[in-house]
Participant: 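Provided herewith is a single structure, encoded as structure tokens, for subsequent inquiry.
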Amino acid sequence: EQVDRPSVAFGWWRESGALEALVPALADAPDERFRALDFLPRADAAAPAAAEDGGTPADPKRATLDRLAMLFFGAEPATAGRALKALRFSNADAAWIAALVRARAEIGGAVDAALAGLPASVPPATLRRWIATIGRTRTDAFCALTAALQMARASRPDGQTGRWTAPPGLAEQLAAFRAEAVRVAYRDPVELADLAVDGEDLRAAGVPAGPAMGRTLRALLDRVLDDPALNTRDALLGLVGGMPRG
């Protein structure tokens with residue numbers, strides 16, 4: 001059964017040496033990563049909590065994966081990969097967590113810096129580029145983990161209860177950012193498959209198959225991330241005409 005404050009248990013395991021023996025990759029994990037677990041919903045409480053908030057009921061499986069992913073969120077991707085394999089996660093769960101860890105390694109610093117300036121908004125093009133790195137279907141999970149880390153960093157222990165509490169309003173600001181990121185992820189073109197042209201269109205336009213086609217598609221997506229209005233067949237083929245071949 002999951003607990004409300006897993007950070008306490010992980011603290012005990014670290015102090016006792018059990019964490020070093022069982023999961024060496026987590027022995028030196030920063031305390032904020034463990035504290036962040038306390039700001040993520042329990043799997044058995046995810047759906048009721050979402051219903052009370054008026055939101056879409058959360059998936060208990062996703063809630064469990066989020067807590068597991070947080071343990072490695074900020075670790076070196078290769079280290080996390082080895083640990084996930086050693087812990088015998090299913091291939092699907094390991095791939096999901098590993099992708100989140102890689103995205104954190106690539107853009108975590110930039111995202112943290114932007115969120116430090118909340119409630120200022122993130123430029124749409126920047127948000128689309130982050131989502132392109134994270135992946136559309138992982139955007140909500142990435143934002144949930146990032147928000148939990150932000151809450152853990154900003155929180156302070158309550159002298160009476162011992163619970164870590166974040167400044168008033170921070171949870172709402174982070175929730176607004178998460179909601180906007182998910183809206184953009186499912187509204188705007190952020191993946192190669194979203195482009196209004198495909199390989200057949202590019203071959204017809206004179207782009208050779210192979211690496212050149214891949215480079216061209218990535219270049220087109222790069223332009224579309226800046227300006228989604230360019231994502232029409234005519235506009236993209238016009239851009240292809242001005243690109244170098246080979």
Participant: Report whether Val122 and Tyr186 are members of the same hydrophobic cluster (ILVMFWY, side-chain heavy atoms less than 4.5 Å apart, transitive linking).
Facilitator: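 Different clusters.
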
Participant: Kindly state each residue pair satisfying side chain to side chain donor-acceptor pair (under 3.5 Å) with at least one member in residues 195-211, sequence neighbours excluded.
Facilitator: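 For residues 195-211, and leaving out neighbouring residues, the side chain to side chain donor-acceptor pair (under 3.5 Å) pairs sorted by first residue read Glu200-Arg203, Asp201-Arg233.
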
Participant: Can you tell me how far SG of Cys143 sits from CG of Leu127, rounded to the nearest 0.5 angstrom?
Facilitator: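 Going from the CG atom of Leu127 to the SG atom of Cys143 covers 7.5 Å.
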
Participant: Nearest heavy-atom pair of Arg62 and Ala141: which atoms, and what distance?
Facilitator: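 Of all heavy-atom pairs spanning Arg62 and Ala141, the closest is NH2-CA, 3.6 Å.
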
Participant: Could you state the interatomic distance from CD (Gln173) to CD (Gln150), rounded to the nearest 0.5 Å?
Facilitator: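 Taking CD in Gln173 and CD in Gln150, the distance rounds to 10.5 Å.
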
Participant: Give me the atom names and distance for the closest heavy-atom approach of Arg33 to Ala75.
Facilitator: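 In terms of heavy atoms, the two residues are closest at NH2-N, 3.7 Å.
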
Participant: If a pair satisfies side chain to side chain donor-acceptor pair (under 3.5 Å) and one of its residues is in residues 11-27, list it, with sequence neighbours excluded.
Facilitator: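 Listed once each, the pairs are Arg14-Asp31.
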
Participant: Residues two or more places apart in sequence or in another chain: which of them pass ring pair (Phe, Tyr, Trp, His ring centres under 6.0 Å) with Phe72?
Facilitator: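 For Phe72 there are no ring pair (Phe, Tyr, Trp, His ring centres under 6.0 Å) partners, ignoring immediate neighbours.
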
Participant: Throw together a table of side-chain donor-acceptor distances under 3.5 angstrom for residues 175-182, partners on residues two or more places apart or in other chains.
Facilitator:
unit_1: Arg178; atom_1: NE; unit_2: Asp140; atom_2: OD1; d: 2.7
unit_1: Arg178; atom_1: NH2; unit_2: Asp140; atom_2: OD1; d: 3.3
unit_1: Arg178; atom_1: NH2; unit_2: Asp140; atom_2: OD2; d: 3.0
unit_1: Glu180; atom_1: OE1; unit_2: Arg183; atom_2: NE; d: 3.1
unit_1: Glu180; atom_1: OE1; unit_2: Arg183; atom_2: NH2; d: 2.8

Participant: Passes side chain to side chain contact (heavy atoms under 4.5 Å, CB included), Leu19 versus Phe34? Steps please.
Facilitator: CA-CA 12 Å; Leu19 206 55; Phe34 295 151; 3.8 Å; yes

Participant: If the threshold is 4.0 Å, N to carboxylate O, is there a salt bridge linking Arg218 and Asp222?
Facilitator: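 Salt bridge between Arg218 and Asp222, a charged N being under 4.0 Å from a carboxylate O: no.
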
Participant: May I have the list of side-chain donor-acceptor pairs in residues 87-99 shorter than 3.5 Å, sequence neighbours left out?
Facilitator:
unit_1: Ser90; atom_1: OG; unit_2: Asp93; atom_2: N; d: 3.1
unit_1: Ser90; atom_1: OG; unit_2: Asp93; atom_2: OD2; d: 3.3
unit_1: Asp93; atom_1: OD1; unit_2: Lys61; atom_2: NZ; d: 3.3
unit_1: Asp93; atom_1: OD2; unit_2: Lys61; atom_2: NZ; d: 2.9

Participant: Are Thr146 and Leu149 packed together at the side-chain level, in the sense that at least one heavy-atom pair is separated by less than 4.5 angstrom?
Facilitator: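 Not in contact.
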
Participant: Are Phe142 and Ile107 close enough, and set up right, to give a side chain to side chain contact (heavy atoms under 4.5 Å, CB included), and what steps lead you there?
Facilitator: CA-CA 11 Å; Phe142 183 93; Ile107 63 171; 4.0 Å; yes

Participant: Would you give the length of the straight line joining atom OG1 of Thr139 to atom CG of Leu100, rounded to the nearest 0.5 angstrom?
Facilitator: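 Answer for the OG1-CG pair, Thr139 versus Leu100, is 9.5 Å.
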
Participant: Are any of the side-chain heavy atoms of Ile134 and Glu106 separated by less than 4.5 Å?
Facilitator: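 The answer is no; the side chains never approach within 4.5 Å.
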
Participant: Say you draw a straight line from CD1 of Ile131 to OG1 of Thr126; how long is it, rounded to the nearest 0.5 Å?
Facilitator: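 So the CD1 of Ile131 and the OG1 of Thr126 are separated by 11.0 Å.
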
Participant: Any idea which heavy atoms bring Asn231 and Pro189 closest together, and the distance?
Facilitator: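 Result for this residue pair: ND2-CB, 3.7 Å.
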
Participant: Indicate the atoms forming the closest heavy-atom contact of Val101 with Ala80, along with that distance.
Facilitator: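 It is CG1-CB, 4.0 Å.
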
Participant: Any chance CD of Glu76 has more than 12 other-residue heavy atoms, nucleotides or ligands included, within less than 6.0 Å?
Facilitator: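 Atom CD in Glu76 is not packed in, count stays at 12 or less.
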
Participant: Could you give all pairs that pass the salt bridge (charged side-chain N to carboxylate O under 4.0 Å, His left out) test and reach residues 107-128, with sequence neighbours left out?
Facilitator: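 For residues 107-128, and leaving out neighbouring residues, the salt bridge (charged side-chain N to carboxylate O under 4.0 Å, His left out) pairs sorted by first residue read Arg104-Asp112, Asp112-Arg153, Arg128-Asp188.
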
Participant: Do you know which two heavy atoms are closest between Ala83 and Ala25, and how far apart they sit?
Facilitator: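 Closest pair (atom of Ala83, atom of Ala25, distance): CB-CB, 3.8 Å.
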
Participant: Answer whether the closest heavy-atom distance between the side chains of Phe39 and Leu174 falls below 4.5 Å.
Facilitator: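 When only atoms from C-beta onward are counted, Leu174 and Phe39 do not touch, as no gap falls below 4.5 Å.
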
Participant: Show your working on side chain to side chain contact (heavy atoms under 4.5 Å, CB included) between Leu40 and Leu145 and close with a plain yes or no.
Facilitator: CA-CA 8 Å; Leu40 291 169; Leu145 298 177; 3.8 Å; yes

Participant: Please confirm whether the backbone N or O of Glu191 pairs with a side-chain atom of Asp194, one donor and one acceptor, at under 3.5 Å?
Facilitator: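 Flag set: sc Asp194 to bb Glu191 pair under 3.5 Å.
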
Participant: How long is the span from the CD atom in Glu32 to the CE atom in Met70, to the nearest 0.5 Å?
Facilitator: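 One gets 9.0 Å once the value is rounded to the nearest 0.5 Å.
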
Participant: Give the intermediate values and the outcome of side chain to side chain contact (heavy atoms under 4.5 Å, CB included) for residues Leu202 and Leu220.
Facilitator: CA-CA 11 Å; Leu202 296 189; Leu220 292 175; 4.3 Å; yes

Participant: Which atom pair, heavy atoms only, marks the closest approach of Ala196 to Leu236?
Facilitator: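 Ala196 and Leu236 have their closest heavy atoms at N-CD1, 3.7 Å.
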
Participant: State the CG-CG distance between Leu195 and Leu230, to the nearest 0.5 angstrom.
Facilitator: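 Spacing of CG (Leu195) from CG (Leu230) equals 11.0 Å.
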
Participant: Hydrophobic clusters here meaning ILVMFWY residues chained together by side-chain heavy-atom distances under 4.5 Å, can you tell me if Leu237 and Leu192 are in one?
Facilitator: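 Yes, it is one cluster - the side chains of Leu237 and Leu192 are joined through contacts under 4.5 Å.
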
